[in-house]
Novice: 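Next up is a structure, given as structure tokens.
Keep in mind that what you see is a predicted model, and the values were worked out from it rather than measured.
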Amino acid sequence: MYPRDASGCTKLWSKYFDLVNEFGGRLATFGDRLREERIRVGLNQIDFGALGSVTKSTQINYEKGERSPDADYLMKLIPHGVDVVYLLTGERAQFDAAKLTPDQLRLISDFAGLSLQDRQVALRVVRALGQEVE
């Protein structure tokens with residue numbers, strides 16, 4: 001799913017920067033931005049499509065602009081670090097890391113080091129704990 005060695009990572013970032021440079025630093029269409037986000041999170045079309053519960057061919061159609069995803073697909077991408085605001089608007093979500101506490105920064109750092117499956121489990125645990133508080 002994710003590149004396991006430095007050469008794989010280098011290839012992914014190379015694709016990412018080529019894609020961004022191809023459009024002068026701002027990607028013109030939803031499909032272009034979707035492809036950029038998929039490359040940024042390090043997934044192929046099969047694995048990225050699976051995050052949104054769609055097939056590879058559907059993912060390809062989204063990236064080509066031949067079909068448009070529904071809200072359910074987009075909502076499923078959010079827990080996996082996909083910037084859905086960027087997909088829709090072309091503008092990155094603003095985030096001020098300086099306002100985070102040391103505990104929050106540690107949590108984010110630890111979370112980033114988890115596998116995709118472990119991230120999904122961690123998110124379910126955090127959501128369940130949040131519901132207990134309410």
Side-chain angles (χ1 to χ4, degrees):
M1 196 173 286
Y2 292 101
R4 303 218 187 280
D5 61 10
S7 65
C9 192
T10 301
K11 288 176 188 172
L12 271 176
W13 280 109
S14 176
K15 280 184 188 178
Y16 171 75
F17 288 116
D18 288 348
L19 184 63
V20 171
N21 289 333
E22 180 180 339
F23 293 95
R26 180 181 167 102
L27 299 181
T29 69
F30 175 87
D32 296 330
R33 292 187 298 271
L34 182 62
R35 179 172 176 233
E36 177 192 13
E37 279 295 280
R38 176 178 58 79
I39 292 169
R40 186 184 64 79
V41 297
L43 297 177
N44 61 35
Q45 290 170 321
I46 294 170
D47 294 333
F48 194 87
L51 297 179
S53 301
V54 300
T55 64
K56 177 183 177 181
S57 62
T58 299
Q59 182 66 36
I60 289 170
N61 287 332
Y62 291 164
E63 291 181 17
K64 286 182 174 181
E66 294 175 2
R67 288 188 59 198
S68 295
D70 60 18
D72 186 51
Y73 168 87
L74 296 172
M75 292 297 292
K76 289 177 180 178
L77 298 180
I78 293 170
H80 305 287
V82 176
D83 187 348
V84 174
V85 171
Y86 174 67
L87 292 178
L88 296 171
T89 68
E91 300 291 327
R92 291 275 176 200
Q94 298 300 313
F95 178 75
D96 187 358
K99 293 182 180 178
L100 296 176
T101 67
D103 285 342
Q104 291 169 327
L105 289 170
R106 169 107 193 257
L107 183 63
I108 292 168
S109 175
D110 291 347
F111 184 82
L114 297 175
S115 69
L116 179 60
Q117 286 180 326
D118 288 344
R119 285 182 186 188
Q120 292 169 338
V121 170
L123 287 170
R124 285 195 297 270
V125 169
V126 169
R127 286 186 191 120
L129 291 171
Q131 290 174 355
E132 288 178 13
V133 172
E134 296 172 359

Novice: Give a yes or no on whether Leu114 and Leu123 share a hydrophobic cluster (residues Ile, Leu, Val, Met, Phe, Trp, Tyr; joining criterion: side-chain heavy atoms under 4.5 Å apart).
Specialist: yes

Novice: Rounded to the nearest 0.5 Å, how far apart are CD1 of Ile39 and CG of Leu43?
Specialist: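 Separation between the atoms: 10.5 Å.
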
Novice: Under the salt bridge (charged side-chain N to carboxylate O under 4.0 Å, His left out) test, which residues partner Arg124, sequence neighbours left out?
Specialist: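 For Arg124, no residue satisfies salt bridge (charged side-chain N to carboxylate O under 4.0 Å, His left out) once neighbours in sequence are set aside.
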
Novice: Is the shortest heavy-atom distance from the side chain of Asp103 to the side chain of Leu107 under 4.5 Å?
Specialist: no

Novice: I'd like to know if Ile78 and Val41 are part of one continuous hydrophobic network [Ile/Leu/Val/Met/Phe/Trp/Tyr, side-chain heavy atoms within less than 4.5 Å].
Specialist: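 Yes: a chain of side-chain contacts under 4.5 Å links Val41 to Ile78.
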
Novice: Is any side-chain heavy atom of Asp110 closer than 4.5 Å to a side-chain heavy atom of Arg106?
Specialist: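 Yes - at least one pair of side-chain heavy atoms lies under 4.5 Å apart.
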
Novice: Test side-chain contact (heavy atoms from CB on, under 4.5 Å) on Thr101 and Gln104; report intermediate values, then the result.
Specialist: CA-CA 5 Å; Thr101 67; Gln104 291 169 327; 3.2 Å; yes

Novice: Any donor-acceptor pair under 3.5 Å linking the side chain of Arg119 with the backbone of His80?
Specialist: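 No: the side chain of Arg119 does not pair with the backbone of His80.
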
Novice: Treating Ile, Leu, Val, Met, Phe, Trp and Tyr as nodes and any side-chain heavy-atom pair under 4.5 angstrom as an edge, say whether Leu77 and Met75 lie in one connected cluster.
Specialist: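 They do share one cluster, since a chain of ILVMFWY contacts under 4.5 Å joins Leu77 to Met75.
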
Novice: Would you check, one step at a time, whether the test side-chain contact (heavy atoms from CB on, under 4.5 Å) holds for Asp47 with Leu116?
Specialist: CA-CA 11 Å; Asp47 294 333; Leu116 179 60; over 6 Å; no

Novice: CD/Glu66 to CD1/Ile60 distance, rounded to the nearest 0.5 angstrom?
Specialist: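 If we round to the nearest 0.5 Å, Glu66:CD and Ile60:CD1 are 9.5 Å apart.
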
Novice: Looking at Tyr62 versus Tyr73, is the centre-to-centre ring distance below 6.0 Å?
Specialist: yes

Novice: Any side-chain heavy atom of Asn44 sitting closer than 4.5 Å to one from Lys56?
Specialist: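 Answer no - side chains too far apart.
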
Novice: Quick check: do Gln120 and Pro79 have side-chain heavy atoms less than 4.5 Å from each other?
Specialist: no

Novice: What are the two closest non-hydrogen atoms of Leu88 and Phe30, and how far apart are they?
Specialist: CD2-CE1, 4.2 Å

Novice: Tell me the closest heavy-atom pair linking Ser53 and Lys76, and the distance in Å.
Specialist: OG-NZ, 3.0 Å

Novice: Using a 4.5 Å cut-off on heavy atoms from C-beta on, say whether the side chain of Asp83 contacts that of Arg92.
Specialist: yes

Novice: If every non-hydrogen atom of Gln45 is compared with every non-hydrogen atom of Gln59, which pair is closest and at what distance?
Specialist: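 Smallest heavy-atom distance, with atoms named: O-CG, 3.7 Å.
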
Novice: Does CD in Gln117 sit with more than 12 non-hydrogen atoms of other residues, nucleotides or ligands closer than 6.0 Å?
Specialist: no

Novice: Taking the side chain as every heavy atom from C-beta outward, state whether Val82 and Phe48 have any pair of such atoms under 4.5 Å apart.
Specialist: yes

Novice: Flag the pair Arg40 and Glu37 as a salt bridge only when some basic side-chain nitrogen lies within less than 4.0 angstrom of an acidic carboxylate oxygen.
Specialist: yes

Novice: Please check if the side chain of Thr58 supplies one atom and the backbone of Val54 the other of a donor-acceptor pair under 3.5 Å.
Specialist: no

Novice: If we ignore angles and hydrogens, is there a donor and acceptor under 3.5 Å between the side chains of Thr29 and Asp32?
Specialist: yes

